[in-house]
Amino acid sequence: DDWPGQTLLETGLLEHVPALGTLARIGGPTLVVFYRQNCGMCHEVFKDELQNNEEINIIAIKVPPGKDVEPVESSLPEDIDCTSCTRLSLAEGPLWLVETPLVVSIANDSVTCIANPREEDRRKTCIANTFALAMDEATPGPQPSADQQLPSR
């Protein structure tokens with residue numbers, strides 16, 4: 001909860017997912033979603049809330065099961081459905097204490113919003129605000145009309 005306003009470096013995320021810094025910088029406003037393959041809510045978030053937001057840089061970070069932890073059997077698909085996502089993973093082995101889906105919004109190298117699985121309204125707001133930031137960056141500023149352009153030499 002103390003991440004909003006912090007840079008990626010200050011959060012400590014880059015220690016575990018070094019590529020995240022570069023991918024967030026070059027991709028503009030970014031949504032990072034931590035997920036587990038056997039998490040039904042994770043599959044729903046990617047299918048229902050992120051499928052039509054292709055203008056946003058989405059980074060899906062897989063949270064693998066810990067060493068010697070047997071994953072719960074599931075009838076869910078092998079992986080989330082997100083064709084426009086960049087996929088990364090936390091290292092295998094440690095027992096990661098991450099509630100999934102965890103949504104983190106990043107803009108200008110700083111965390112702007114974070115939402116845990118129990119905060120559906122906050123998650124939707126994070127996604128909507130990141131989408132709005134991405135659209136603002138994609139929209140060029142006003143262009144001068146032909147009579148306002150500088151004469152060429």
Side-chain angles (χ1 to χ4, degrees), residues 1-66 71-72 74-92 94-145 148:
D1 286 339
D2 61 346
W3 282 1
Q6 291 185 9
T7 66
L8 279 174
L9 187 61
E10 291 169 331
T11 66
L13 276 173
L14 299 181
E15 295 174 34
H16 304 290
V17 192
L20 182 59
T22 302
L23 291 169
R25 267 185 226 106
I26 63 173
T30 300
L31 279 174
V32 176
V33 183
F34 291 86
Y35 74 95
R36 296 181 195 277
Q37 289 178 310
N38 63 348
C39 164
M41 187 185 295
C42 298
H43 285 270
E44 288 174 21
V45 166
F46 280 98
K47 181 182 175 208
D48 298 338
E49 297 176 35
L50 299 174
Q51 205 62 294
N52 296 321
N53 287 318
E54 294 173 0
E55 292 82 2
I56 301 175
N57 183 30
I58 301 172
I59 300 174
I61 300 180
K62 179 180 168 186
V63 179
V72 176
S74 169
S75 61
L76 294 167
E78 287 259 337
D79 206 0
I80 47 122
D81 182 18
C82 188
T83 55
S84 62
C85 289
T86 300
R87 295 168 187 262
L88 299 174
S89 179
L90 293 172
E92 292 193 19
L95 178 59
W96 296 102
L97 300 178
V98 178
E99 287 185 275
T100 58
L102 179 68
V103 174
V104 181
S105 175
I106 301 166
N108 300 319
D109 201 38
S110 293
V111 174
T112 59
C113 183
I114 187 167
N116 69 46
R118 296 176 307 282
E119 300 173 311
E120 181 179 354
D121 290 341
R122 181 184 278 181
R123 182 180 65 241
K124 289 181 179 189
T125 299
C126 283
I127 293 169
N129 289 347
T130 307
F131 179 77
L133 284 171
M135 294 309 295
D136 286 349
E137 283 192 9
T139 306
Q143 299 296 316
S145 64
Q148 294 175 322

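When atom types are taken as modelled, the side chain of R36 and the backbone of V98 share a donor-acceptor pair closer than 3.5 angstrom. Proximity of a side-chain donor or acceptor of T11 to a complementary backbone N or O of L8 within less than 3.5 Å is detected. Side-chain atoms of N116 come within 3.5 Å of backbone atoms of R118 as a donor-acceptor pair (strictly under, hydrogens ignored). Within the 3.5 Å criterion, the main-chain N or O of N38 finds no donor-acceptor partner in the side chain of H43.
To the nearest 0.5 angstrom, E15 atom CD is 8.0 Å from L9 atom CG. To the nearest 0.5 Å, the span separating CZ on R123 from CG on L31 amounts to 11.5 Å. Distance check, rounded to the nearest 0.5 Å: OG of S84 to CD of Q51 gives 7.0 Å. To the nearest 0.5 Å, atoms SG (C113) and CD1 (I106) are separated by 11.5 Å. Note that the SG atom of C39 and the CD atom of E99 stand 10.5 Å from one another [nearest 0.5 Å].
Counting heavy atoms from C-beta on, the side chains of D79 and R87 come closer than 4.5 Å. In this structure, the side chains of L13 and W3 come closer than 4.5 Å at one or more pairs of heavy atoms. Between P29 and I56, every side-chain heavy-atom pair lies at or beyond the 4.5 Å cut-off.
Annotation for C82 and I58: closest pair SG-CG2, 4.5 Å, computed over non-hydrogen atoms. Shortest non-hydrogen contact noted between A19 and L88 is CB-CD2, 4.3 Å. The two atoms that bring G21 and L14 nearest to each other are N-CD2, 3.3 Å, heavy atoms only. Here the shortest heavy-atom pairing between V103 and C126 reads CG1-CB, 4.4 Å. Contact detail for A60 and I80: the closest heavy-atom pair is CB-CD1, 4.0 Å.
Sparse packing is recorded around CG of N108, with 12 or fewer heavy atoms of other residues, nucleotides or ligands lying under 6.0 Å away. The number of heavy atoms from other shown groups lying within 6.0 Å of CD (E119) is above 12. The neighbour count for D121 CG, taken as heavy atoms of other residues, nucleotides or ligands under 6.0 Å away, does not exceed 12.
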Run the side chain to side chain contact (heavy atoms under 4.5 Å, CB included) test on W96 and I61 for me, step by step, so that the C-alpha distance in whole Å, both residues' side-chain angles and the decisive distance to 0.1 Å come before the verdict. CA-CA 12 Å; W96 296 102; I61 300 180; over 6 Å; no

Checklist entry - Can you check side chain to side chain contact (heavy atoms under 4.5 Å, CB included) on L23 and T30, steps first, answer last? => result CA-CA 9 Å; L23 291 169; T30 300; over 6 Å; no

Quick one: do T100 and M41 satisfy side chain to side chain contact (heavy atoms under 4.5 Å, CB included)? Show the steps, please. CA-CA 8 Å; T100 58; M41 187 185 295; over 6 Å; no

I would like to know whether F46 and D81 meet side chain to side chain contact (heavy atoms under 4.5 Å, CB included); could you show each step before the answer?
CA-CA 6 Å; F46 280 98; D81 182 18; 5.8 Å; no

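Listed by chain and number, the residues in a side chain to side chain contact (heavy atoms under 4.5 Å, CB included) with K47 amount to none (sequence neighbours excluded). In this structure, the side chain to side chain contact (heavy atoms under 4.5 Å, CB included) partners of S89, at least two apart in sequence or on a different chain, are K62, P64.
Here the rule is side-chain contact (heavy atoms from CB on, under 4.5 Å) with V32, and of V17, T130, V104, L102 only V104 fits it.
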